[in-house]
Amino acid sequence: MKTYTRITCEARNSQRLLNKFSEKNIDIFKVKVNDENITFRIEDKQLKSVKDIMDKTAVAYSVDGRGGAYLAKKTALKYLSLIIPAIIAIVCLFLMTRVCFSVKINTESGQLKEKILTVLNNNSVKPFMLKDNINTSQLSYEISKNIDEIGFANCYFDGGVLKIEIKKVHVKEEEETYDGIVADRDCIITKVLVYSGTALVKEGDVVKKGDVLIDGYVDTMPDDPTNPDNERFKVKADGVVYGETSYTKQLIITDEVVDSVRTGNSYSVTQIYLFGKPIGKQEAVKYAQYEFVEEIKTFGSVIPIQAVTRTYFETERKPIKVDEPTLDEYISTAYVELWQTLPQDGRLLNNYIYKKKLDNLHIIDIYLILEENIGAGKQY
């Protein structure tokens with residue numbers, strides 16, 4: 001990309017000056033001439049040659065604007081004090097992500113630390129190695145295998161530090177025992193999150209209530225052919241297991257049912273309430289069996305007054321034929337009742353409604369399929 005410099009000089013002998021530029025193959029752009037001055041632009045790289053020509057012709061001039069290369073160089077020099085620390089920081093950050101600078105062993109025993117350092121030396125692990133050349137899983141196994149006092153070792157990187165945490169071997173009588181997490185209902189497993197321990201189930205497995213989901217142990221190196229005994233260590237079983245569960249409700253309804261039906265008689269009563277308390281005496285309802293609807297109007301903002309109008313409808317119980325709208329109303333009510341029994345932490349996956357007619361009976365089965373936690377914190 002070309003960058004340009006703008007120059008203003010005296011207009012006397014301007015033609016001679018332009019001829020000199022042409023002889024030196026210097027291209028000029030955007031030339032403006034007035035009585036006293038001539039203004040033009042040249043490529044930034046030709047500035048030195050143009051200044052030499054104008055100095056030799058004794059023409060007074062000024063450089064009004066420098067090009068991008070000059071500005072870039074000037075800017076770089078201006079911010080050099082910031083650029084260098086930034087580059088150093090980037091290099092340090094790169095090294096932190098790729099290089100192991102030190103080894104930290106989490107033990108207060110000097111003797112045990114020496115044994116671990118010996119294992120590290122035998123495996124050619126030392127500071128300032130590339131992290132890619134250190135197999136932390138294999139190193140954990142080597143430390144556990146070669147040092148009798150260590151039952152379990154965990155090697156991992158924390159930034160540029162290789163950290164080694166160990167668990168000493170305890171006699172069997174002193175070992176902690178932990179229970180596993182079990183299913184508290186029948187379900188199909190949808191997700192298993194293990195924080196500690198070993199998962200005994202996976203997505204898609206069908207489990208029964210009481211089956212162990214996560215057990216309280218970990219294997220050292222189960223796939224290592226040199227470790228046929230596959231040592232196990234007791235740990236606390238911890239995790240979350242989600243399963244697909246179902247909640248059901250069945251309705252059995254005859255073709256004819258006894259239900260409340262409005263007789264057609266009704267009346268309305270308005271009661272005034274102040275601060276939520278009724279003013280005046282409330283009258284008893286005239287009907288032995290009834291339904292009512294309520295309409296509330298509020299007046300005033302500082303002292304709210306409510307006018308509550310209730311309309312009472314007389315009802316009587318009588319046999320009615322069950323048609324499709326009535327059947328759907330029963331199903332809708334049962335669906336809501338079943339929904340209200342669901343656990344708060346469940347997530348609805350699907351729902352099914354099956355209808356079957358048998359003689360004079362309607363048999364309806366409602367299924368709500370949920371995904372929910374079926375084992376966290378629940379141990380046998």
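Being a predicted model, the structure only gives us computed values, none of them experimental. What you see below is based on every heavy atom in this structure, not just the backbone, and it leaves out hydrogens, waters and symmetry mates.
A continuous path of Ile, Leu, Val, Met, Phe, Trp and Tyr side chains, each step under 4.5 Å between heavy atoms, connects Val33 with Ile7, placing both in one hydrophobic cluster. If you chain together hydrophobic residues whose side chains sit under 4.5 Å apart, Tyr352 and Ile364 never meet in one group. Taking hydrophobic clusters as Ile, Leu, Val, Met, Phe, Trp and Tyr residues chained together by side-chain heavy-atom distances below 4.5 Å, Val261 does not share a cluster with Tyr287.
Counting only residues at least two apart or on different chains, the salt bridge (Lys or Arg N to Asp or Glu O under 4.0 Å) pairs with a member in residues 245-258 are Lys249-Glu337, Asp255-Lys357. Pairs engaging residues 271-280 under the salt bridge (Lys or Arg N to Asp or Glu O under 4.0 Å) rule: none recorded [sequence neighbours left out]. For residues 283-294, the salt bridge (Lys or Arg N to Asp or Glu O under 4.0 Å) pairs, not counting sequence neighbours, are Arg262-Glu291, Glu294-Arg310. For residues 191-206, every residue pair satisfying the salt bridge (Lys or Arg N to Asp or Glu O under 4.0 Å) rule, not counting sequence neighbours, is listed here: Lys202-Asp205.
Residues Ile331 and Ile366 meet the side-chain proximity criterion, which asks for heavy atoms closer than 4.5 Å. At a threshold of 4.5 Å between non-hydrogen side-chain atoms, the residues Leu349 and Leu368 do not count as touching. Taking the side chain as every heavy atom from C-beta outward, Asp211 and Val182 never approach each other to under 4.5 Å. Contact of the Ile253 side chain with the Ile363 side chain is not registered, since no non-hydrogen atoms from C-beta on lie closer than 4.5 Å. Between Ile305 and Thr298 there is no side-chain heavy-atom pair separated by less than 4.5 Å. With a 4.5 Å cut-off on side-chain heavy atoms, Leu370 and Pro343 count as touching. Using a 4.5 Å cut-off on side-chain heavy atoms (C-beta onward), Val212 and Ile181 make no contact. In this structure the side chain of Thr254 reaches within 4.5 angstrom of the side chain of Leu361, judged on heavy atoms.
One distance of note links NZ of Lys113 with CD1 of Ile166; it measures 10.0 Å at 0.5 Å rounding. Note that CG of Leu120 is 12.0 Å distant from NZ of Lys126, once rounded to the nearest 0.5 Å. To the nearest 0.5 Å, atoms CG (Asn146) and CG (Asn122) are separated by 7.5 Å. The line from CG of Asn351 to CD1 of Ile369 is 8.5 Å long, rounded to the nearest 0.5 Å. Taken from CG in Leu251 to CD1 in Ile353, the straight-line distance is 9.5 Å, to the nearest 0.5 Å. Rounding to the nearest 0.5 angstrom, the gap separating the OG atom in Ser140 from the CD atom in Glu165 is 10.0 Å.
Counting only distance, with no hydrogens or angles, the side chain of Gln289 and the backbone of Glu314 share no donor-acceptor pair below 3.5 Å. Of the possible polar contacts, none joining the Asp158 side chain to the Val161 backbone as a donor-acceptor pair under 3.5 Å is found. Side chain of Ser246 to backbone of Tyr367: no donor-acceptor contact under 3.5 angstrom is found. In this structure, Asn121 contributes its side chain and Leu117 its backbone to no donor-acceptor pair below 3.5 Å. Of the possible donor and acceptor atoms, none in the side chain of Thr39 sits under 3.5 Å from a partner among the backbone N and O of Thr8. Between the Arg317 side chain and the Val258 main chain, a donor and an acceptor come within less than 3.5 Å of each other.
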**OP:** Given side-chain hydrogen bond (donor to acceptor under 3.5 Å, both in side chains), test Glu372 with Thr245 step by step and report yes or no.
**Re:** CA-CA 7 Å; Glu372 57 181 312; Thr245 59; 2.6 Å; yes
Original post:
Could you go step by step and tell me if Val201 and Val192 meet the side chain to side chain contact (heavy atoms under 4.5 Å, CB included) rule?
Top reply: CA-CA 8 Å; Val201 296; Val192 181; 4.1 Å; yes
Original post:
Given the rule in the side-chain hydrogen bond (donor to acceptor under 3.5 Å, both in side chains) test, do Ser266 and Thr311 qualify, once you have shown the distances and angles that lead to the verdict?
Top reply: CA-CA 7 Å; Ser266 65; Thr311 302; over 6 Å; no
**OP:** List the steps and the verdict of salt bridge (Lys or Arg N to Asp or Glu O under 4.0 Å) for Lys234 and Asp215.
**Re:** CA-CA 9 Å; Lys234 296 284 186 179; Asp215 212 348; over 6 Å; no
Original post:
Which is it for Val207 and Asp186 under the side chain to side chain contact (heavy atoms under 4.5 Å, CB included) test, yes or no, and what are the steps along the way?
Top reply: CA-CA 6 Å; Val207 299; Asp186 299 348; over 6 Å; no
Subject >> Audit row: Ile147, Val119, side chain to side chain contact (heavy atoms under 4.5 Å, CB included) steps and yes/no >> reply: CA-CA 9 Å; Ile147 303 176; Val119 175; 4.1 Å; yes
**OP:** Run the numbers on Glu295 and Lys297 for side chain to side chain contact (heavy atoms under 4.5 Å, CB included), then give the verdict.
**Re:** CA-CA 7 Å; Glu295 180 183 3; Lys297 293 182 179 180; 3.4 Å; yes
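Salt bridge status for Asp328 with Lys355: present, with a side-chain N to carboxylate O gap under 4.0 Å.
With respect to Cys155, the side chain to side chain contact (heavy atoms under 4.5 Å, CB included) criterion is satisfied by exactly one of Leu139, Ile116, Val103, Asn135: Leu139. Remark: of the listed residues Leu162, Ile164, Val125, Leu162 is the sole one forming a side chain to side chain contact (heavy atoms under 4.5 Å, CB included) with Thr136.
In plain terms, the two heavy atoms of Met129 and Ser124 that are nearest each other are SD-O, 3.1 Å. Taking every heavy atom of both residues into account, Ile214 and Ser196 meet most closely at CG2-O, 3.8 Å.
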For residues 17-26, run the donor-acceptor check on the side chains, cut-off 3.5 Å, and write out each pair with its distance to 0.1 Å, sequence neighbours left out.
{"unit_1": "Asn19", "atom_1": "OD1", "unit_2": "Gln15", "atom_2": "NE2", "d": "3.2"}
{"unit_1": "Asn19", "atom_1": "ND2", "unit_2": "Gln15", "atom_2": "O", "d": "3.3"}

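A donor atom on one side chain and an acceptor atom on the other are found under 3.5 Å apart for Glu371 and Thr190.
In this structure Phe292 satisfies the ring-ring contact (aromatic ring centres under 6.0 Å, His included) test together with Tyr312, sequence neighbours excluded. Asp52 meets the side-chain contact (heavy atoms from CB on, under 4.5 Å) test with Lys48; sequence neighbours excluded. For Tyr61, there are no ring-ring contact (aromatic ring centres under 6.0 Å, His included) partners at least two apart in sequence or on another chain. For the ring-ring contact (aromatic ring centres under 6.0 Å, His included) test, no residue two or more places apart in sequence or in another chain qualifies with Tyr247. For the ring-ring contact (aromatic ring centres under 6.0 Å, His included) test, no residue two or more places apart in sequence or in another chain qualifies with Tyr156.
Within 6.0 Å of atom CD in Gln250, more than 12 heavy atoms from other residues, nucleotides or ligands are found, so the atom counts as buried in its surroundings.
Tyr273 belongs to a hydrophobic cluster with Ile296, Val308, counting contacts under 4.5 Å between side-chain heavy atoms of Ile, Leu, Val, Met, Phe, Trp and Tyr, direct or through other members. Phe313 forms part of a hydrophobic cluster together with Val293, judged by ILVMFWY side-chain heavy-atom separations under 4.5 Å.
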